[in-house]
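I have placed the structure first, in the form of structure tokens, so that the comments after it can refer back to it.
We use all heavy atoms of the structure for the numbers below, so side chains are in, but hydrogens, waters and symmetry mates are not.
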Amino acid sequence: MSAGMEKDLAGESSGLPRHIAVIMDGNGRWARRRGMPRSAGHSAGADSFRRAARYCQKLGIDYLTVYAFSTENWKRPKEEVDSILALLEKYLRQALRDMEKEKIRICIFGDLSPFRPELRRMCQQCMDRSSVYTGAQVNICLNYGGRDEIVRAAEKWAAEGCPPLTEDVFGGYMWGGRIPDPDLLIRPGGEKRISNFLLWQAAYAELYFSDVLWPDFDEAEFDKAIAAYRSRERRYGDVGEGI
Ligand code: IPE
Ligand code: IPE
Ligand code: MG
């Protein structure tokens with residue numbers, strides 16, 4: 001068993017997941033159902049993300065990792081990509097302004113090199129300035145792909161001269177370094193797939209799928225997901241208690 005999994009087992013005593021990951025899906029359909037442009041759905045999705053971050057912090061969840069833009073989302077029309085990036089800039093500006101009040105550590109996972117310098121600068125500022133907060137951590141996955149992350153990890157490992165490998169050592173090359181793996185992975189929006197999210201880290205995550213679209217995924221929906229998580233028995237390959 002890896003050190004990460006031992007930590008997960010120890011963290012289970014509170015019954016709460018220590019790390020929740022969310023594929024924030026369904027913004028486009030949410031807008032379409034209201035006869036609105038997809039960008040309006042992304043705006044509502046951004047509001048839902050702010051609400052989720054605050055709620056997870058209130059519950060005492062240590063890590064929230066959200067999928068905001070995938071390496072595959074570049075296939076979308078340019079105006080949609082631009083609207084998502086504009087919302088991200090808006091969020092980062094607000095986060096920088098409200099940082100002392102919110103006290104959330106913000107990390108960005110993904111390759112930021114294709115983004116314009118101003119957006120990259122704001123991402124870096126958010127990460128640097130919020131690194132003093134040790135309570136809740138929000139990881140925003142941006143131009144992120146699980147396979148891309150694994151390939152980059154292998155490249156970093158090779159660049160360091162191929163030091164002896166274990167699962168824990170290799171996991172340390174991922175964007176999040178040695179943070180605990182997600183305990184609960186939530187996908188709203190009705191699809192039942194992972195879409196290239198956290199392929200390495202989700203090895204033993206409990207999966208929760210919901211038909212509720214992300215902009216409508218409120219505190220009550222989080223409560224339902226956490227209740228479902230608490231009802232699960234995590235066995236990590238061992239025999240079950242009730243068997
Ligand atoms: C998720 O919502 C947001 C991103 C992928 C950026 P979608 O835009 O995928 O919404 P649907 O799935 O089309 O409804
Ligand atoms: C996954 O949603 C990516 C994000 C939520 C950022 P998609 O809408 O891109 O996933 P697919 O295309 O339905 O698999
Ligand atoms: Mg989608």
Side-chain angles (χ1 to χ4, degrees), residues 1-12 16-25 49 52-53 56 61-75 105-115 123 127 131 136-189 191-209 214 225-226 228-229 232-238:
M1 184 189 289
S2 73
M5 282 183 198
E6 274 166 20
K7 241 187 291 168
D8 289 347
L9 287 171
E12 273 175 12
L16 271 181
R18 187 165 179 215
H19 183 171
I20 297 181
V22 183
I23 299 174
M24 303 190 292
D25 194 29
F49 160 59
C56 286
I61 307 295
D62 291 338
Y63 302 91
L64 172 68
T65 301
V66 295
Y67 206 3
F69 190 84
S70 75
T71 46
E72 288 73 36
N73 287 147
W74 294 106
K75 292 173 190 161
R105 180 170 187 186
I106 298 167
C107 294
I108 317 272
F109 296 172
D111 173 25
L112 302 182
S113 64
F115 298 126
C123 286
M127 287 193 274
S131 64
Q137 178 171 327
V138 170
N139 307 310
I140 303 171
C141 297
L142 198 59
N143 190 22
Y144 171 92
R147 287 186 170 179
D148 178 73
E149 182 180 37
I150 292 168
V151 169
R152 283 170 194 277
E155 282 172 349
K156 285 182 220 163
W157 171 75
E160 287 181 14
C162 307
L165 263 191
T166 63
E167 290 182 9
D168 286 323
V169 167
F170 193 62
Y173 288 99
M174 302 294 154
W175 291 110
R178 291 200 134 77
I179 65 170
D181 287 341
D183 302 294
L184 170 61
L185 194 160
I186 299 173
R187 182 165 191 155
E191 311 295 357
K192 291 175 182 64
R193 54 178 171 259
I194 304 255
S195 302
N196 202 12
F197 191 41
L198 303 178
L199 297 183
W200 174 271
Q201 300 88 334
Y204 267 101
E206 295 296 329
L207 307 181
Y208 180 84
F209 297 102
W214 173 245
I226 291 169
Y229 168 82
R232 310 256 181 104
E233 186 192 3
R234 302 183 78 185
R235 290 196 284 276
Y236 300 97
D238 203 343

(request) Please check if the side chain of Arg152 supplies one atom and the backbone of Gly110 the other of a donor-acceptor pair under 3.5 Å. (result) no
(message) Can you give me the closest heavy-atom contact between Val169 and Pro164, atom names plus distance?
(response) CG1-O, 3.8 Å
(message) Tell me if a side-chain donor or acceptor on Tyr144 pairs with a main-chain N or O of Val66 at a distance below 3.5 Å.
(response) no
(request) Could you tell me which non-hydrogen atom of Leu142 sits nearest to which non-hydrogen atom of Ala68, and how far apart they are? (result) CD1-CB, 4.3 Å
(message) Among Tyr67, Phe109, Phe49, Phe69, which residue satisfies the side chain to side chain contact (heavy atoms under 4.5 Å, CB included) criterion with Ile140?
(response) Phe49
(request) I would like to know whether Asp62 and Ile179 meet side-chain contact (heavy atoms from CB on, under 4.5 Å); could you show each step before the answer? (result) CA-CA 10 Å; Asp62 291 338; Ile179 65 170; over 6 Å; no
(request) Under the salt bridge (charged side-chain N to carboxylate O under 4.0 Å, His left out) rule, what do Arg18 and Asp183 come out as? Steps first, then yes or no, please. (result) CA-CA 7 Å; Arg18 187 165 179 215; Asp183 302 294; over 6 Å; no
(request) Compare all side-chain heavy atoms of Thr65 with those of Leu185 and state whether any distance is below 4.5 angstrom. (result) no
(request) Could you tell me whether the side chain of Trp74 reaches within less than 4.5 Å of the side chain of Pro114, counting heavy atoms only? (result) yes
(request) Rounded to the nearest 0.5 Å, what's the gap from CD on Gln201 to CD1 on Ile150? Could you check? (result) 7.5 Å
(request) List the atom of Pro182, the atom of Ala21, and the distance in Å for their closest heavy-atom pair. (result) CB-CB, 4.0 Å
(message) Is it the case that the side chain of Trp175 and the backbone of Ile108 share a donor-acceptor pair, with hydrogens and angles ignored and the cut-off at 3.5 Å?
(response) no
(message) So, taking the atom named OG in Ser70 and the one named CG in Asp148, what distance separates them when rounded to the nearest 0.5 Å?
(response) 10.5 Å
(message) Side chains of Arg105 and Ser131, heavy atoms from C-beta outward: is any pair under 4.5 Å?
(response) yes
(request) Measure the spacing between OG of Ser195 and CD1 of Ile23 and express it to the nearest 0.5 Å. (result) 5.5 Å
(request) Any chance you could measure Leu198, atom CG, to Met174, atom CE, to the nearest 0.5 Å? (result) 10.5 Å
(request) Give a yes or no on this: more than 12 heavy atoms of other residues, nucleotides or ligands lie within 6.0 Å of atom CZ of Arg232. (result) yes
(request) List the atom of Leu64, the atom of Ala53, and the distance in Å for their closest heavy-atom pair. (result) CD2-CA, 3.7 Å
(request) Verify, without hydrogens or angle tests, whether Arg178 (side chain) and Asp168 (backbone) share a donor-acceptor contact under 3.5 angstrom. (result) yes
(request) Go through Leu199 and Arg147 one step at a time and tell me if the side-chain contact (heavy atoms from CB on, under 4.5 Å) criterion holds. (result) CA-CA 7 Å; Leu199 297 183; Arg147 287 186 170 179; 3.6 Å; yes
(message) Just to verify, what does Trp200 make a ring-ring contact (aromatic ring centres under 6.0 Å, His included) with, not counting sequence neighbours?
(response) Phe170
(message) So that I know where these two stand, are Tyr236 and Tyr204 an aromatic pair - ring centroids less than 6.0 Å apart?
(response) yes
(request) State whether the side chain of Asp111 and the backbone N or O of Asn143 hold a donor-acceptor pair below 3.5 Å, judged by distance alone. (result) no
(request) Mind checking the CG-CE spacing from Leu112 to Met127? Nearest 0.5 Å is all I need. (result) 6.0 Å
(message) Rounded at 0.5 Å granularity, tell me how far OH in Tyr229 sits from CG in Leu16.
(response) 8.5 Å
(message) So which atom in Glu191 and which in Arg187 form the shortest heavy-atom distance, rounded to 0.1 Å?
(response) O-CD, 3.4 Å
(request) Report the residues that fulfil side-chain hydrogen bond (donor to acceptor under 3.5 Å, both in side chains) with Tyr173, sequence neighbours left out, ordered by chain and then residue number. (result) Glu160
